[in-house]
Q: 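Mind having a look at this structure? Questions to follow.
In this text, all values refer to a predicted model and were calculated from it rather than measured experimentally. Throughout, protein chains are lettered first and strands after them, A, B, ... in sequence-line order, and every chain is numbered starting at 1.
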Number of protein chains: 2
Amino acid sequence: MINKRTTRDHIVEAANQLFYEHGFEHTSFSDIANQVQISRGNFYYHFKTKDEILAAVIQLRLANTARILAEWEQKGESPKDRIRCFILILVTNRVKIKQFGCPVGTLSSELAKLNHVAQKEANEIFTLFRCWLRTQFSLLGHKSNADALAMHVLGRSQGVATLVNAFKDEKYLQQEVKQLCEWLDSITDE
Amino acid sequence: MINKRTTRDHIVEAANQLFYEHGFEHTSFSDIANQVQISRGNFYYHFKTKDEILAAVIQLRLANTARILAEWEQKGESPKDRIRCFILILVTNRVKIKQFGCPVGTLSSELAKLNHVAQKEANEIFTLFRCWLRTQFSLLGHKSNADALAMHVLGRSQGVATLVNAFKDEKYLQQEVKQLCEWLDSITDE
DNA sequence: TTTCTGTTAGGACAATCATCCTAGAGAGAT
DNA sequence: ATCTCTCTAGGATGATTGTCCTAACAGAAA
């Protein structure tokens, strides 16, 4: 029972990484099986279809995201600090973003093109960030337009991730992060 | 010669559309052949490999982009008007963006994940916009940071396109476009 | 007519894909 | 030892992929 869970976890973790680095469609059963060092037959025992793996990967990402947001909730003293934590993931994950873009945004747009059933679930990851940011902006006193501000920050991050991925320009990333932080300052202390 | 809409052109146009709507990898030879109503054999006469079609599609997009930028150059009276033209493509193409995202950004990130050889050529489309915007900001008197401003507008647009595609929220799009235009005003008249 | 050249159709090819199946290993219980 | 159950391995399946081949067609040139 314990052994089953670990193998399954290994599969989901490998799929999570490969879906991010090579895309959902460009990742095959064999790719994942090779990464985990198990046979394709064993693989099938744990997941009947590719969509099942995708669903599991999305669940994993949702859980990881929720965990990170909870951590920020504790770490950041003020709502402003917490929002800064969000902005700074661009810096923290810059190496991977340069190579593969934002995991949330790229999965979302890939599934949109495939017209995939899991599209909605994948976008829930966006929604987690959105709601969390909205809460922080509300706490900052921007109750009336908290959602718009949340979407704004989310969009700015997405844009930066896309262009950093295209141009591999770290200076641009730093510049935009700085600008975003300044924007955050400008709407908080008045 | 005058009305020379050759089979080859039809193929490239169909591929251009399908690559945008379903992605490069998820579009097969058969898909394109079906769309153009020709046989796969005829197809092969015009393009030996899938990468050749991709290269042709990118060339088509580069030409189309250059044409549009030239049009804006003539239509827009001031550099500011021209930059506004760029910002407003989000509104003009909002229906397609909602469904499939930005054609430039999504192709770029897909090819990045595939580690495709045509990655660089695809990013040239971004570069066309970037250089054109840079020129406009230079003409506006922002010579020293024209490139940063160009990248900023480009990034904001990309972010909006990604989130509109995910959330299908047209009100958010309108709001961000308005904000971008206001930002443009704020850095021009002082 | 015959010949040549550019174009088309349709099938063949090996490779790869997601999926499915069966045999068996290993451990624990009886 | 036998039985049972979870887990694993590896091959088979049929569909689809990108790629390639060859025969036939059309129109112009000879």
Q: Within this structure, what is the CZ-to-P distance between A/F43 and D/dA12, rounded to whole angstrom?
A: 21 Å

Q: Go through D/dC20, D/dA9, C/dC20 for me and flag the one nearest to the B/Y44 side chain.
A: D/dC20

Q: Looking at A/F137, is A/K143 sitting on its ring face, NZ or CZ under 6.0 Å from the six-membered ring centre and within 45 degrees of the normal?
A: no

Q: For A/L114 and C/dA18, what is the distance between atoms CG and P respectively, to the nearest whole Å?
A: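 Spelled out: CG on A/L114 to P on C/dA18 is 13 Å.
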
Q: Between A/H26 (NE2) and D/dT17 (P), how many Å, whole number?
A: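 Those two atoms, NE2 and P, are 15 Å apart.
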
Q: The side chain of B/S28 is closest to which nucleotide in this list: D/dG18, C/dT8, C/dA18?
A: D/dG18

Q: If you only use heavy atoms from C-beta on, which nucleotide in D/dA12, D/dG18, C/dT8 is closest to the side chain of B/T7?
A: C/dT8

Q: How many whole angstroms separate atom CZ of A/F47 from atom P of C/dA18?
A: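 Roughly 14 Å, once rounded to whole Å.
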
Q: Take atom CD1 of A/I11 and atom P of D/dT8, then tell me their distance rounded to the nearest Å.
A: 8 Å

Q: The side chain of A/S39 lies closest to which of these nucleotides: D/dT8, C/dA12, C/dT7?
A: D/dT8

Q: Identify whether NZ of Lys or CZ of Arg in A/K48 sits under 6.0 Å from the centre of the six-membered ring of A/Y44 and within 45° of that ring's axis.
A: yes

Q: By nearest atom, which of the nucleotides C/dT19, C/dA9, C/dA12 is closest to the B/N42 side chain?
A: C/dA9

Q: Rounding to an integer number of Å, can you tell me how far A/H22 NE2 sits from C/dT16 P?
A: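 A/H22 atom NE2 is separated from C/dT16 atom P by 16 Å.
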
Q: Any idea which of D/dT17, D/dT6, C/dT7 is nearest the B/Y45 side chain?
A: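 Nearest nucleotide to the side chain: C/dT7.
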
Q: Which whole-number value in Å describes the distance from A/Q37 CD to D/dT8 P?
A: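 Distance check: A/Q37 CD to D/dT8 P gives 14 Å.
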
Q: B/K48 NZ to C/dT7 C1': how many Å, rounded?
A: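 About 12 Å, once rounded to whole Å.
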
Q: How do A/G41 and A/D31 order along DNA chain C: which one's closest nucleotide is nearer the 5' end?
A: A/D31

Q: Would you compute the distance between atom CG of B/N123 and atom NZ of B/K120 and round it to the nearest 0.5 angstrom?
A: 9.5 Å

Q: Quick check with a 6.0 Å cut-off and a 45 degree axis cone: is A/R130 positioned over the face of B/F167's six-membered ring?
A: yes

Q: Got B/L149 and B/W183 here, is their nearest side-chain heavy-atom distance under 4.5 Å?
A: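 Yes. Closest side-chain heavy atoms under 4.5 Å.
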
